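Below: the structure, in structure tokens.
Each chain gets a letter, A, B and so on, in the order the sequences are listed, and its residues count up from 1. Remember, predicted model here, so these are calculated numbers, not experimental data.
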There are 2 protein chains.
Amino acid sequence: MSNAAEVLKNKKLRITPARVHVLDIFIREAAALTHAEIEKLLIDDFDRVTLYRTLTSFLENGLIHKVPDESGIQRFAYCNHEHHEHSGAHSHTHVHFFCMQCSKTTCLDDILIPAIKLPEGFVQDESVFLVKGLCRKCSKNKAE
Amino acid sequence: MSNAAEVLKNKKLRITPARVHVLDIFIREAAALTHAEIEKLLIDDFDRVTLYRTLTSFLENGLIHKVPDESGIQRFAYCNHEHHEHSGAHSHTHVHFFCMQCSKTTCLDDILIPAIKLPEGFVQDESVFLVKGLCRKCSKNKAE
DNA sequence: GCATAAAATGCAATTGAGTTGCAATTGGCT
DNA sequence: AGCCAATTGCAACTCAATTGCATTTTATGC
């Protein structure tokens, strides 16, 4: 059984071609992907709606997480559990990085969102931290 | 001359009914607004396109700034210059707050985005920090 | 291995945000 | 008042995302 199928089984999700293929892509690609990007990466042709529903299902089951994107398009990335395992409930409290050169969005799994002090009366729940700039690869290319 | 007209004049923008009305709304409302919300708040009926172009113009001239929104819709808020005046160039480096109860997004002008240490090789430019939770008003109501 | 119910998929149609080109109008100026 | 450039309105379009419904597929028990 493929790695993806294994993950689906653990989550008690039905193992379907669409899900296995999409999950494979998420595991393979290290970046945060949009619906359209995944669609292009898929070899087999699935209906757009199926892909939307697959993403929703993965989201609900904690396989992927939403990634902030300023352009207004939804982005999703595979949840790297290695970094969060110890905390019990899965959390997405890491910083995300958008490269203005190559337009890739990546999870900085090791960098947690710093705590801030809100004004009196505000109660904090989740938060989103997106940093824009140049990724390792692009800043290196620029220096040469 | 109205407050809004004054602001437009200082920015060397033409004073048109659409601009004055939209700017009035931004000054009046303390929250970050979407295109659709502004459209509802407008008494006079302007074309959707006019509103989009008005927002673009205000954005380019630093009258409003983009506010992060997880749902993927663009939000804009009036730039409160009191807090940034001293820094010369206008900056939008404050934290934004989304209330999960009343769905309003507000600028926490006084709370600046904390600096973080990126991994080796990453170069930082701008960043976006959105905190979700309960605003003052809603957390107060809940406590009663 | 096969029947079955529930879940997943495909298709068609729809909504809503945002954009573009172009003609008509209006604001700021002398 | 009159000019020109900026602004507006209209029509048409793109793209992301959603919904209802009929069909197919999956997991499971026999």
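Between the side chain of A/Asn61 and the main chain of A/Leu63, no donor-acceptor pair closer than 3.5 Å is present.
The side chain to side chain contact (heavy atoms under 4.5 Å, CB included) test applied to B/Asp47 returns B/Val49, B/Thr50, not counting sequence neighbours. In this view, A/Arg14 and A/Thr16, A/Arg19 satisfy the side chain to side chain contact (heavy atoms under 4.5 Å, CB included) rule, not counting sequence neighbours.
When hydrophobic residues (I, L, V, M, F, W, Y) are linked wherever their side-chain heavy atoms come within less than 4.5 Å, B/Ile43 remains an isolated member. When hydrophobic side chains of Ile, Leu, Val, Met, Phe, Trp and Tyr are connected at separations under 4.5 Å, B/Val123 ends up clustered with A/Leu134. Other residues sharing the hydrophobic cluster of A/Met100, ordered by chain and number and joined by side-chain separations under 4.5 Å: A/Phe98, A/Leu130, B/Val128.
Against DNA chain C, the stretch residues 20-31 of chain B makes no heavy-atom approach under 4.0 Å.
Boundaries of the chain A contact region on DNA chain C are C/dA6 to C/dA12, first to last in 5' to 3' order (nucleotide atom under 4.0 Å from a heavy atom).
For residues 120-144 of chain A, every residue pair satisfying the ring-ring contact (aromatic ring centres under 6.0 Å, His included) rule, not counting sequence neighbours, is listed here: A/Phe122-B/Phe97, A/Phe129-B/Phe129. Sorted by first and then second residue, the pairs that involve residues 33-44 of chain B and meet salt bridge (charged side-chain N to carboxylate O under 4.0 Å, His left out), not counting sequence neighbours, are B/Glu37-B/Arg75. Among residues at least two apart or in separate chains, side-chain hydrogen bond (donor to acceptor under 3.5 Å, both in side chains) pairs with a member in residues 129-140 of chain A are A/Glu70-A/Lys132.
Fit an axis to the five pairs at each end of the helix from C/dG1-D/dC30 to C/dT30-D/dA1 and the two axes sit 30° apart, to the nearest 10 degrees.
The shortest side-chain heavy-atom distance between A/Leu55 and A/Ile38 falls under the 4.5 Å cut-off. A/Gln74 is not listed as a side-chain neighbour of A/His35, based on a closest heavy-atom distance of 4.5 Å or more.
Rounded to whole Å, the distance from CZ on B/Arg14 to P on D/dC3 is 16 Å.
Side-chain rings of A/His65 and A/Phe76 stay apart, their centers remaining 6.0 Å or farther from each other.
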Base versus backbone protein contacts along nucleotides 8-17 of chain D [heavy-atom cut-off under 4.0 Å; B, S, -]
BBBB----SB

